[in-house]
Amino acid sequence: MPRPPLQLFNSMTRAIEPIVPLDRAGKRLSLYVCGPTIYNYGHIGNFRTYVAVDILRRALRHFDFEVDHVMQFTDVDDKTIRGAHEKGLPLKEFTAIFRQAFLDDAKTLNLEVPPRTPNATDHIPAMVALIQKLIDKKSAYVSDDGSVYFRIASFPKYGCLCHLDLSSLISGARVNQDEYEKEGVGDFVLWKKWVPADGDVGWDSPWGKGRPGWHIECSALSMEHLGEQIDLHGGGTDLRFPHHENEIAQSEAATGLTFVRHWFHVEHLLVDGQKMSKSLGNMYTVRDVLARGYTGRELRYALLSGANYGKNLNFTWQGMEDAKTALHRIDEWRKRVRDKAAEGPPSDGAASSLPAQEFVAHCDAALADNLNINGALGHLFELVRQTNGALDKAQILPGEARALAAAWTALDSILGLGDATVVIPVEVQTLLDQRAEARKAKNFAKSDELRQAIEDLGWKVKDTPKGQELLPG
RNA sequence: GGCGGGGUAGCCAAGUGGUAAGGCACGGCUCUGCAAAAGCCGAAUACGCGGGUUCGAUUCCCGCCCUCGCCUCCA
């Protein structure tokens with residue numbers, strides 16, 4: 001069955017467009033994602049973005065692209081320098097802690113970490129070279145104090161990504177009046193001259209000791225790793241301006257080529273309908289969610305099903321609870337399907353797996369349409385209801401069940417939910433074994449007693465025709 | 001002020017020019033030593049408001065209201 005072409009919203013053109021990579025064969029696709037600034041534990045808003053990117057990456061692969069994915073870690077900026085200073089640690093050591101924390105959280109959420117995740121500070125020479133190129137082309141200038149700025153006036157397209165009018169930008173209210181060393185108020189820094197507050201953080205450059213500005217790292221790193229033009233570039237919506245706008249300016253001024261063919265931006269997550277903020281006390285980390293007894297898998301489900309990536313996602317604890325229940329429904333269904341599949345040979349009824357085939361086609365259509373995950377989930381739950389009913393009536397053959405399991409696997413290659421992993425503590429298992437014996441002896445008083453004991457340890461036990469089944473409380 | 005996203009049953013959320021998926025919650029039933037869990041069935045009779053186009057609009061156009069975001073810290 002031919003698969004529809006993958007189409008995604010392009011925030012540059014504000015239209016849903018097919019993904020057409022630069023690669024002539026149409027196979028290899030470069031994807032650059034702006035990674036986190038590693039000065040703290042990531043919050044669920046950060047990870048909403050990275051879950052969406054993970055879905056994107058998996059979907060691209062599903063639609064037969066060979067994805068070359070790079071994401072950098074920003075390990076030098078005001079916040080990392082301040083954090084390192086407060087902890088009394090060298091910058092590198094300080095950021096290493098949170099780089100690892102991010103990777104740990106990514107694992108919790110079953111994110112596929114890109115094979116290349118460079119740290120910005122490991123590529124200072126590439127940034128210096130790019131800045132020099134911009135100076136040579138008169139797109140950048142060295143200010144009196146030794147910082148280097150990008151000259152916006154040299155780049156007429158400036159504002160194209162965010163559809164901003166440069167004149168209104170210049171007269172905007174939030175311009176810092178003190179930055180007199182710049183030629184134009186919209187000019188942004190490429191190289192920051194060292195100041196005492198930077199401590200021992202600084203690198204030598206043709207313009208003296210300093211550090212790179214925030215935006216230059218993404219241009220330099222993406223060019224170094226993926227070439228001067230990339231197919232897809234994404235990140236949180238807040239990066240559109242100024243970060244991505246500035247990336248376009250500095251990259252295209254340097255190369256004369258279109259920097260990015262397709263822009264992918266993920267809308268923000270809200271908590272209880274409000275923006276996350278420290279003052280509201282609603283900034284949750286992945287660890288906070290785990291501490292409430294939820295699994296990373298449940299959080300992943302909540303983040304991928306809460307809303308399409310292009311819309312605000314409103315995170316609530318009730319939503320977390322809903323996600324847990326819905327996911328459990330899927331798990332129960334998968335268990336039934338798996339059991340049925342094990343009952344007979346694969347060939348048994350495989351030919352009549354029409355529902356599974358239709359389901360896969362529906363999912364492909366939904367996913368191809370700007371990653372409509374909720375559309376695909378809708379089809380999944382319809383399939384679940386339909387086949388549960390048939391299983392109740394013993395109308396599903398083992399081969400059909402296998403086809404259903406395979407259909408799920410196909411969807412899950414994108415959802416990335418995998419299996420629920422339940423680790424049963426030894427003491428619970430012991431009680432469970434004792435209860436099985438009691439039940440065998442029809443000693444229901446003892447059985448109930450043991451069930452209570454198991455519940456006291458935070459687990460639920462249910463009796464099925466196949467024996468006891470344990471569920472996390 | 002400029003630009004943009006939303007307003008779909010109690011909550012969350014797809015989608016469509018021909019009266020609208022799905023999830024959660026809710027009710028009934030089945031199963032069960034009792035439970036729990038699970039499954040099935042069901043109800044709600046939902047498309048912000050006012051115009052317009054159309055045989056017909058939730059879906060297109062205009063206006064309005066509400067809400068969220070961006071306009072150089074921020075995933």
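As the structure is a computational prediction, the values presented were derived from the model and not from experiment. In what follows, chains carry the letters A, B, and so on, assigned in the order in which the sequence lines appear, proteins first and then strands, with residues in each chain numbered from 1.
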(request) Any chance you could list the contact pattern along nucleotides 35-41 of chain B? Use B for base contacts, S for sugar-phosphate-only contacts and - for none, protein heavy atoms under 4.0 Å, 5' to 3'. (result) BBSSSSS
(message) When the C1' atoms of B/rU30 and B/rA75 are compared, how many Å lie between them, rounded to an integer?
(response) 48 Å
(message) Using whole Å, what does the distance between atom P of nucleotide B/rA13 and atom CG of A/L303 come to?
(response) 13 Å
(message) So, using salt bridge (charged side-chain N to carboxylate O under 4.0 Å, His left out) as the criterion, who are the partners of A/D231 when residues are at least two apart?
(response) A/R261
(request) Using a heavy-atom cut-off of under 4.0 Å over every strand shown, decide if A/K442 touches base, sugar-phosphate, or nothing. (result) nothing
(message) Any salt bridge linking A/E267 with A/K311? Criterion: basic side-chain nitrogen under 4.0 Å from a carboxylate oxygen.
(response) no
(message) Rounded to whole Å, please give me the gap between NZ in A/K275 and P in B/rC73.
(response) 11 Å
(request) Tell me, please, whether A/F94 has A/K87 positioned over its six-membered ring: NZ or CZ under 6.0 Å from the ring centre and within 45 degrees of its axis? (result) no
(request) Select from A/N46 and A/A307 the residue whose nearest nucleotide in RNA chain B is closer to the 5' end of that strand. (result) A/A307
(request) Decide whether A/S143 and A/D145 meet the rule of one side-chain donor and one side-chain acceptor closer than 3.5 Å. (result) yes
(request) Round to the nearest Å and state the distance from A/Y39 atom OH to B/rA75 atom C1'. (result) 10 Å
(request) Could you tell me whether the side-chain ring of A/H43 sits stacked on the base of B/rA75, using a centroid cut-off under 5.5 Å and a plane angle under 30°? (result) no
(request) May I have the distance from A/R439 (atom CZ) to B/rC34 (atom P), rounded to whole angstrom? (result) 11 Å
(message) Listing request: all salt bridge (Lys or Arg N to Asp or Glu O under 4.0 Å) pairs with a residue in residues 359-383 of chain A, at least two apart in sequence or in separate chains.
(response) A/R3-A/D364
(request) Using the test salt bridge (charged side-chain N to carboxylate O under 4.0 Å, His left out), find all partners of A/D198 that sit at least two apart in sequence or belong to another chain. (result) A/R211
(message) Nearest to the A/P242 side chain among B/rC24, B/rC34, B/rU72, which nucleotide is it?
(response) B/rU72
(request) Give A/H268 one of three labels, base, sugar-phosphate or nothing, depending on what nucleic acid heavy atoms sit under 4.0 Å from its own. (result) base
(request) Could you state the atom-to-atom distance from CG of A/D322 to P of B/rC26 in whole Å? (result) 11 Å
(message) Whether the side chain of A/Q72 engages the backbone of A/G35 through a donor-acceptor N/O pair (distance < 3.5 Å, no angle test) should be reported.
(response) yes
(message) By the 4.0 Å heavy-atom rule, please label A/G45 as base, sugar-phosphate, or nothing.
(response) base
(request) Would you please classify the geometry between the A/Y284 ring and the A/F315 ring as parallel, tilted or perpendicular, with 30° and 60° separating the classes? (result) tilted
(request) Provide the distance between the two P atoms, one in B/rA44 and one in B/rA20, to the nearest whole Å. (result) 12 Å
(message) Could you tell me how far B/rU45 sits from B/rU58 if I compare only their C1' atoms? Round to whole Å.
(response) 16 Å
(request) Would you indicate, yes or no, if B/rA13 has its OP1 or OP2 atom less than 4.0 angstrom from a side-chain nitrogen or oxygen of A/N308? (result) no
(message) By the 4.0 Å heavy-atom rule, please label A/L269 as base, sugar-phosphate, or nothing.
(response) base
(request) Could you measure between the two C1' atoms, the one in B/rC26 and the one in B/rG10, and give it in whole Å? (result) 9 Å
Output one line per pair: protein atom, nucleotide atom from nucleotides 3-8 of chain B, and distance, for all N/O pairs under 3.5 Å.
{"residue": "B/rC3", "atom": "O2'", "partner": "A/R14", "partner atom": "NH2", "Å": "2.7"}

(message) Within the 4.0 Å heavy-atom criterion, would you say A/G236 contacts the bases, only the backbone, or no part of the nucleic acid?
(response) sugar-phosphate
(message) Taking B/rU19 as the reference, what is the distance to B/rG28 when you measure between their P atoms (whole Å, please)?
(response) 33 Å
(request) Could you summarise the pairing of RNA chain B as dot-bracket text, marking Watson-Crick and G-U pairs under 3.5 Å with ( ) or [ ] inside the strand and | across strands? (result) (((((((..(((.....[...))).(((((.......))))).....(((((..]....))))))))))))....
(message) What's A/T316 touching, base or sugar-phosphate or nothing? Going by heavy atoms closer than 4.0 Å.
(response) nothing
(request) Measure centre to centre between the rings of A/F47 and A/F102, then say whether the value is under 6.0 Å. (result) yes
(request) Could you verify whether a donor N or O on one side chain and an acceptor N or O on the other, from A/R336 and A/N388, lie under 3.5 Å apart? (result) yes
(request) For A/M71, answer base if it contacts any base atom (sugar-phosphate contacts may also be present), sugar-phosphate if it contacts only those atoms, and nothing otherwise; contact means non-hydrogen atoms under 4.0 Å. (result) nothing
(message) Heavy-atom count check: over 12 atoms from other residues, nucleotides or ligands less than 6.0 Å from A/K335 NZ?
(response) yes
(message) Donor-acceptor check, side chain of A/N10 to backbone of A/W263, threshold 3.5 angstrom: yes or no?
(response) yes
(request) Nearest-nucleotide wise, let me know which of A/F47 and A/G184 is further upstream toward the 5' end of RNA chain B. (result) A/G184
(message) Between B/rC62 and B/rC68, how many Å separate the two P atoms, rounded to a whole number?
(response) 24 Å
(message) From CG of A/N314 over to C1' of B/rG69, roughly how many Å is that when rounded to an integer?
(response) 14 Å
(message) Treating A/N374 as the side-chain partner and A/S305 as the backbone partner, does any N or O pair qualify as donor plus acceptor under 3.5 Å?
(response) yes
(message) Any side-chain to backbone donor/acceptor pair from A/N314 onto A/D272? Under 3.5 Å, distance only.
(response) yes
(request) Name the closest nucleotide to the A/L164 side chain, picking from B/rG23, B/rC68, B/rC71. (result) B/rC71
(message) Between B/rA13 and B/rA21, how far apart are the two C1' atoms, rounded to whole Å?
(response) 10 Å
(message) Just to be sure I understand the rule, does A/D448 reach a base, reach only the sugar-phosphate, or reach nothing, if contact means heavy atoms closer than 4.0 Å?
(response) base
(request) In whole angstrom, give me the gap between the P atoms of B/rG39 and B/rG23. (result) 10 Å
(message) What's A/G42 touching, base or sugar-phosphate or nothing? Going by heavy atoms closer than 4.0 Å.
(response) nothing
(message) Quick check: A/H265 with A/H244 (ring centres under 6.0 Å apart)?
(response) yes
(request) Rounded off to whole Å, could you give me the NE2-to-P distance for the A/H362 and B/rU16 pair? (result) 14 Å
(message) At 4.0 Å (heavy atoms only), tell me whether A/F444 reaches a base, stays on the sugar-phosphate, or touches nothing.
(response) base
(request) Would you mind reading off the distance between A/Y301 atom OH and B/rG22 atom P, rounded to a whole angstrom? (result) 13 Å
